[in-house]
J.: 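Next up is a structure, given as structure tokens.
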Amino acid sequence: MIDWDRVAALREEVGPEDFDEVVELFLQEVDEEIEALDPNSQQEGLAEKLHFLKGSALSLGFREFSGLCQTGESALTADPAAQVDVQGLQSSYQTSRSAFLADLPQRFAS
């Protein structure tokens with residue numbers, strides 16, 4: 001579910017002293033975008049939103065969620081009328097987020 005090697009690489013890129021702030025910023029941005037998705041209607045610009053979410057998710061190592069975003073984005077690119085399981089995306093994100101936050105402290109304990 002979480003690509004901890006990617007998370008470690010991000011931590012190395014930004015530095016341990018700024019890592020928590022970067023994680024908080026990423027999570028805040030993704031939280032806002034994922035909550036804005038409406039599972040009951042197909043939204044305009046959904047492919048672009050999924051592209052953004054995919055990139056952000058990859059940065060934090062959210063492998064499963066990112067894959068779902070990629071699947072939805074690809075489907076919409078091929079057919080703008082394609083149906084995307086927004087509720088499944090939201091559920092995957094919440095599960096990934098919870099696992100990430102639960103495991104993060106012990107992964108990078110000093």
J.: Let me confirm one number: the OG-CG distance from S96 to D3, rounded to the nearest 0.5 Å.
T.: 12.0 Å
J.: Hey, mind stepping through L37 and L53 against side-chain contact (heavy atoms from CB on, under 4.5 Å) and telling me if it holds?
T.: CA-CA 11 Å; L37 297 179; L53 289 169; 4.0 Å; yes
J.: With side-chain contact (heavy atoms from CB on, under 4.5 Å) as the criterion, how do V7 and F100 come out once you've worked through the C-alpha distance, each side chain's angles and the decisive distance to 0.1 Å?
T.: CA-CA 10 Å; V7 178; F100 177 82; 3.8 Å; yes
J.: Report the distance from atom CD of E35 to atom CD of Q90, rounding to the nearest 0.5 Å.
T.: 8.5 Å
J.: side-chain contact (heavy atoms from CB on, under 4.5 Å), that's the test. Do T71 and L50 meet it? Break it down for me.
T.: CA-CA 9 Å; T71 299; L50 292 177; over 6 Å; no
J.: If you apply the rule side-chain contact (heavy atoms from CB on, under 4.5 Å), what do you find for L101 with L27, and how did you get there?
T.: CA-CA 10 Å; L101 291 174; L27 290 176; 3.8 Å; yes
J.: With a 4.5 Å cut-off on side-chain heavy-atom distances among I, L, V, M, F, W and Y, is there a chain of contacts connecting L25 to F19?
T.: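 L25 does not cluster with F19.
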J.: So, for F52 and E29, which heavy atoms are closest and what is the spacing to 0.1 Å?
T.: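 Scanning both residues completely, I find the closest heavy atoms to be CZ-OE1, 4.0 Å.
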J.: Please check if atom CD in Q106 has more than 12 non-hydrogen atoms from other residues, nucleotides or ligands closer than 6.0 Å.
T.: yes
J.: On a heavy-atom basis, which atom in I34 and which in Q94 lie closest, and how many Å separate them?
T.: CG2-NE2, 4.5 Å
J.: Just grab all the salt bridge (charged side-chain N to carboxylate O under 4.0 Å, His left out) pairs involving residues 56-65, residues at least two apart or on different chains.
T.: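 For residues 56-65, and leaving out neighbouring residues, there are no salt bridge (charged side-chain N to carboxylate O under 4.0 Å, His left out) pairs at all.
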J.: Quick one: CD on E48 to CG on L76, what's the gap to the nearest 0.5 Å?
T.: 9.0 Å
J.: Could you measure the distance from the CG atom of D103 to the CE atom of M1? Nearest 0.5 Å is fine.
T.: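 Here the interatomic distance stands at 10.5 Å.
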J.: Is it the case that one hydrophobic cluster holds both L10 and L104, taking links as side-chain heavy atoms less than 4.5 Å apart, direct or via other members?
T.: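 Yes.
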J.: CZ of R6 to OG of S59: how many Å apart, nearest 0.5 Å?
T.: 5.5 Å
J.: If you count the non-hydrogen atoms of other residues, nucleotides and ligands that lie under 6.0 Å from CD in Q87, is the total more than 12?
T.: no
J.: When you group the ILVMFWY residues by side-chain heavy-atom contacts below 4.5 Å and let the links chain together, are L58 and V14 in the same group?
T.: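 They do not share one cluster, since no chain of ILVMFWY contacts under 4.5 Å joins V14 to L58.
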J.: For E17, does the CD atom sit with more than 12 other heavy atoms under 6.0 Å from it, leaving out its own atoms?
T.: yes
J.: Do V86 and D38 come within less than 4.5 Å of each other through their side chains, counting heavy atoms only?
T.: no
J.: Check whether any side-chain heavy atom of V84 lies under 4.5 Å from a side-chain heavy atom of L46, and answer yes or no.
T.: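 Yes, close enough: below the 4.5 Å cut-off.
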J.: Without swapping roles, check the side chain of T95 against the backbone of S91 for a donor-acceptor pair under 3.5 Å.
T.: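 Side chain of T95 to backbone of S91, a donor-acceptor pair under 3.5 Å: yes, one is there.
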J.: Parallel, tilted or perpendicular: which describes the rings of Y93 and F65, with under 30° parallel and over 60° perpendicular?
T.: tilted
